[in-house]
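Keep in mind that what you see is a predicted model, and the values were worked out from it rather than measured.
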Number of protein chains: 2
Amino acid sequence: MGTDAQLNKGVLEGCVLKLLEDDFLFSAEIVERMRRCGFSDFSEGTLYPMLLRLEKDGCFIVARKPSPNGPPKKYYKLSEAGRQKLDTFFAQWQELSQSIANVFSRKEDDHA
Amino acid sequence: MGTDAQLNKGVLEGCVLKLLEDDFLFSAEIVERMRRCGFSDFSEGTLYPMLLRLEKDGCFIVARKPSPNGPPKKYYKLSEAGRQKLDTFFAQWQELSQSIANVFSRKEDDHA
DNA sequence: ATCAGTTCCTTGCATTGCAAGTAACCAAGG
DNA sequence: CCTTGGTTACTTGCAATGCAAGGAACTGAT
């Protein structure tokens with residue numbers, strides 16, 4: 001399934017934002033949920049750079065909690081800026097879906 | 001709409017393949033149709049490199065026809081390899097849509 | 001002390017979208 | 001002519017993101 005990584009661009013970020021909408025999660029939990037939802041190859045090599053990006057952009061409330069098994073875990077949850085980014089993503093996703101539907105049903109749209 | 005170009009990655013190629021499924025089209029016609037379907041910012045700077053990539057991969061039957069207004073037009077239509085690439089794209093697109101639906105409806109899927 | 005497991009982060013590459021610029025070809029006007 | 005402008009095609013270079021691979025810090029157990 002790693003054949004067309006391009007299709008995932010932007011999408012993975014939107015989905016992680018959604019997962020952090022209401023719950024505080026840390027890395028392993030995010031990976032787990034993404035995989036269960038169908039992103040079966042989702043990996044930490046993708047997640048960590050993404051989390052750092054989004055944190056730098058102020059999208060998160062972050063909480064560090066000590067772990068019995070290693071370094072402290074970083075728990076993430078959306079800030080107001082994060083929620084806004086999520087909304088933007090979802091709107092763009094819907095537009096995109098509609099455009100693709102237009103192409104594949106040979107209808108032209110002219111709404112845009 | 002140029003805000004998140006990442007979301008378009010892979011998608012534009014899939015859509016162009018679809019447009020060339022049955023008809024011979026040349027650049028300006030492809031741009032026109034993409035725009036009408038909702039990809040309103042679709043541009044030649046995106047299209048030409050894409051066409052060359054796909055042509056190199058054997059995805060097209062190409063026909064050059066003289067133009068009264070300039071250099072000969074290149075008309076493109078899918079080859080068998082192109083059709084296969086289109087099918088692959090569509091399958092991946094559907095998987096992706098399902099996964100996103102799972103994330104956004106908070107359902108877990110486990111089918112993948 | 002060493003080892004394995006956990007958690008986090010860094011580095012570097014591949015791909016693609018896209019802006020901007022280049023080049024070839026034609027017709028018509030000065 | 002030869003210049004201008006429109007048409008068609010291509011090139012170059014940059015930005016963003018996914019992801020593999022490797023590394024570093026912390027813990028408890030051997």
Does A/K74 make a cation-pi contact with A/F26 (under 6.0 Å, within 45 degrees of the axis)?
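Here A/K74 fails the 6.0 Å and 45° test against A/F26.
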Between A/F104 and B/F90 (judged by ring centroids, cut-off 6.0 Å), do the two rings come close enough to count as a pair?
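That pair passes the under 6.0 Å test.
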From the list [options], which nucleotide is the closest neighbour of the side chain of [X]?
{"X": "B/A5", "options": "D/dG18, C/dC9, C/dG17", "answer": "C/dG17"}
{"X": "B/S27", "options": "D/dA9, C/dG17, D/dT8", "answer": "D/dA9"}
{"X": "B/S67", "options": "D/dT8, C/dG17, D/dC10", "answer": "D/dT8"}
{"X": "B/Y48", "options": "C/dT7, D/dA9, C/dG17", "answer": "D/dA9"}
{"X": "B/T46", "options": "D/dA9, C/dT6, C/dG17", "answer": "C/dG17"}
{"X": "A/L12", "options": "D/dG18, C/dC8, C/dG17", "answer": "D/dG18"}
{"X": "A/N8", "options": "C/dT6, D/dA9, D/dC19", "answer": "D/dC19"}

Report yes if some heavy atom in the side chain of A/I61 is under 4.5 Å from a heavy atom in the side chain of A/Y75; otherwise report no.
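Not touching, per the 4.5 Å side-chain cut-off.
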5'-most contact on DNA chain C: A/E44 or B/E13, nearest heavy atom basis?
A/E44
So which one's nearest nucleotide on DNA chain C is more toward 5', B/S43 or A/E55?
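Closer to the 5' end of DNA chain C: A/E55.
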Would you say A/S97's side chain and A/W93's backbone share a donor-acceptor pair under 3.5 angstrom?
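At least one qualifying donor-acceptor pair exists.
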Checking A/E13 side chain against A/G10 main chain: does a donor-acceptor pair fall under 3.5 Å?
no
Once rounded to the nearest 0.5 Å, what's the spacing between atom SG of A/C37 and atom CG of A/L19?
6.0 Å
Protein-nucleic acid N or O pairs under 3.5 Å, nucleotides 13-16 of chain D:
{"residue": "D/dA16", "atom": "O4'", "partner": "B/Q6", "partner atom": "NE2", "Å": "3.1"}

